[in-house]
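Below, each value reflects all heavy atoms present in this structure, side chains not excepted, and no hydrogens, waters or symmetry copies. Naming convention: chains lettered A, B, ... in sequence-line order (proteins, then strands); numbering from 1 in each chain.
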Amino acid sequence: MYFACGDAWRARQVFEGMSDRDVVSWTSLISGLVRNGCPLQGLHHFASMMHSEVRPDFVLLVSILKAYMELDDLPGATGAHALVVKSGFDNELDVVITLTAMYAKFGCILAARALFDKVPTPQVNVILWNAMISGYSKNGLAKEAVQLFKQMRKFARSMTPDSVTLLSVILASAQLGSIEIAEWMEAYVQGSEYRDDVFVNTALIDMYSKAGSIAHAHAVFERMHVQERDVVVWSALIAGYGMHGHAKEAVTLFEDMKRAGVKPNDVTFLGLLSACKHAGAVEKGWSYFQSMKHEYGIEPRHQHYACVVDLLARAGHLDRAYRFITGMPIKPELSVWGAFLNGCKMHGHSDIALAECAAQHIFELQQSNAGHYVQLANLYASAGMWSHVAGVRVTMRERGVSKETGCSSIDINGEMHSLHAGDHSS
DNA sequence: GTAGGGTTAG
């Protein structure tokens, strides 16, 4: 209850005062911590529990797996998976669902699929299917996601898609960029009980923006009830106009949104800034960046800085962009210098020193990416500095930079599944 | 006490 009120401290107080701690009370403490952004503390308590007499059950292990997901810790996650197997819970449906989502989250889509396929068909469960479909969507395997959605309908008697299913398939449709599939998805939504679902409609707006029809996206927005248009809905449409380079419409929408009494957030500004960037509206974007900080008190994140740098650099304001970067209150990340270098490539033939400076920062942050070296080489080439081009190649060889992809493998029930970066096979 | 989810970019 205290966790539900956001009071982790009180929750722990109650727990400490309990004399007979069973696995259920441990679980409520640990899952509460994991869900409230303190996965490390949750694992810490789990270690304490393991030193006591209490043994974990499958419900607790689900929370432990989620803790490692939160922490982005694949070795820890596979270790927890091993504990699940050792404890004999690897056939519990809830556990299999978590494991499927977990491996998908880590990009190990083949491992996720192997777990999914292991579940016997009578146990059809929407959440399991959702875990697999969204796993495909999030890993860019849109065709597989749509295909699995179509397969799901074979079980229509025992299982119907819910809003989460629809969100995942809409996300996949957005990646396919096909207006036919987008319209097919919208028709499906219209015929379902989720036609007025805010989440689903937001995803539809995003889908149409990415599939190339901002008019369709706007139509979805218009159909929504006014009171349902929250900041995420507005932001999705603003970003959509931005993607299409319609800065004027994005700005108008932004003003409409403010008039409607909806407060913009950091994502809204990102869409707005990106709209200005695509349209080359330097001063407009600059003033929105200022108002974001001073008028709304929103602290810019790396993406905002990268966007402003991109905005300035694309327009050829290289010196201004450089000064902006050096004045940043946080350490510029790869994306910031990357945007700058990109601008140099477009405009910097005369000022190769600035580009070299950007490249230097980039190599410092990520030495092993061949793409950066190629970019610098291209820049030298466009400036006719051929000896420098050759120099870049020498540096690459010296540092052992090549274009090979990474590979790792995962053990599921004694079977090794090999995973390659960018692997799309199944 | 547990499982899947909407807006950010090229």
Q: Quick one: side chains of residues 95-102 of chain A, donor-acceptor pairs under 3.5 Å with protein atoms, not counting sequence neighbours, listed by atom name and distance.
A:
{"unit_1": "A:T98", "atom_1": "OG1", "unit_2": "A:D94", "atom_2": "O", "d": "2.9"}
{"unit_1": "A:T100", "atom_1": "OG1", "unit_2": "A:V96", "atom_2": "O", "d": "2.7"}

Q: Kindly write out the residues that satisfy ring-ring contact (aromatic ring centres under 6.0 Å, His included) with A:H278, not counting sequence neighbours, or none if the list is empty.
A: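 Counting only residues at least two positions away or on another chain, A:H278 forms no ring-ring contact (aromatic ring centres under 6.0 Å, His included).
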Q: Taking only residues two or more places apart in sequence, or in another chain, which ones meet A:W129 in a ring-ring contact (aromatic ring centres under 6.0 Å, His included)?
A: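 Per chain and number, A:W129 pairs via ring-ring contact (aromatic ring centres under 6.0 Å, His included) with A:F116, A:F155.
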Q: Considering only distance and modelled atom types, tabulate donor-acceptor pairs under 3.5 Å from the side chains of residues 250-263 of chain A, sequence neighbours left out.
A:
{"unit_1": "A:T252", "atom_1": "OG1", "unit_2": "A:K248", "atom_2": "O", "d": "2.8"}
{"unit_1": "A:E255", "atom_1": "OE1", "unit_2": "A:K258", "atom_2": "NZ", "d": "3.4"}
{"unit_1": "A:E255", "atom_1": "OE2", "unit_2": "A:Y288", "atom_2": "OH", "d": "2.9"}
{"unit_1": "A:D256", "atom_1": "OD1", "unit_2": "A:R259", "atom_2": "NH2", "d": "2.8"}
{"unit_1": "A:K258", "atom_1": "NZ", "unit_2": "A:Y296", "atom_2": "OH", "d": "3.4"}

Q: Could you tell me whether A:D57 contacts a base, only the sugar-phosphate backbone, or nothing, with contacts defined as non-hydrogen atoms closer than 4.0 Å?
A: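 Touches a base.
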Q: Which residue pairs pass the salt bridge (charged side-chain N to carboxylate O under 4.0 Å, His left out) test with at least one member in residues 179-204 of chain A, sequence neighbours excluded?
A: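 Non-adjacent pairs meeting salt bridge (charged side-chain N to carboxylate O under 4.0 Å, His left out): A:E186-A:R223.
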Q: Scan residues 60-69 of chain A against DNA chain B and write down, sorted by residue number, each residue with any heavy atom closer than 4.0 Å; if none is found, say none.
A: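 Per residue number, the list reads A:L60, A:V62, A:K66.
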Q: Which pairs with one or both residues in residues 190-211 of chain A pass ring pair (Phe, Tyr, Trp, His ring centres under 6.0 Å), sequence neighbours excluded?
A: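 Matches after skipping sequence neighbours: A:Y208-A:H216.
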Q: Measure from the side chain of A:V267, starting at C-beta and using heavy atoms only, and say which of B:dT8, B:dG5, B:dT2 lies closest.
A: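 Looking only at side-chain atoms, A:V267 lies closest to B:dT8.
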Q: Which residues in residues 301-312 of chain A have at least one heavy atom lying under 4.0 Å from any atom of DNA chain B?
A: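 Residues of residues 301-312 of chain A under 4.0 Å from DNA chain B: A:Q303, A:D310.
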Q: Which residues in residues 230-250 of chain A have at least one heavy atom lying under 4.0 Å from any atom of DNA chain B?
A: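 Correct list: A:D230, A:V232, A:V233, A:S235, A:A236, A:A239, A:M243.
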Q: Going by heavy atoms closer than 4.0 Å, what residues in residues 191-226 of chain A are next to DNA chain B?
A: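 Under 4.0 Å from DNA chain B: A:V198, A:F199, A:T202, A:D206, A:K210.
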Q: Under the side-chain contact (heavy atoms from CB on, under 4.5 Å) rule, collect the residues that match up with A:R55, sequence neighbours excluded.
A: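 Partners of A:R55 by the side-chain contact (heavy atoms from CB on, under 4.5 Å) criterion, ordered by chain and then number, come out as A:M50.
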Q: In chain order, what residues pass the side-chain contact (heavy atoms from CB on, under 4.5 Å) check against A:R153, with sequence neighbours excluded?
A: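 Listed in chain order: A:W184, A:Y188.
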Q: Assess whether atom NZ of A:K284 is packed by more than 12 heavy atoms of other residues, nucleotides or ligands within 6.0 Å.
A: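 Not buried by this count: 12 neighbours or fewer within 6.0 Å.
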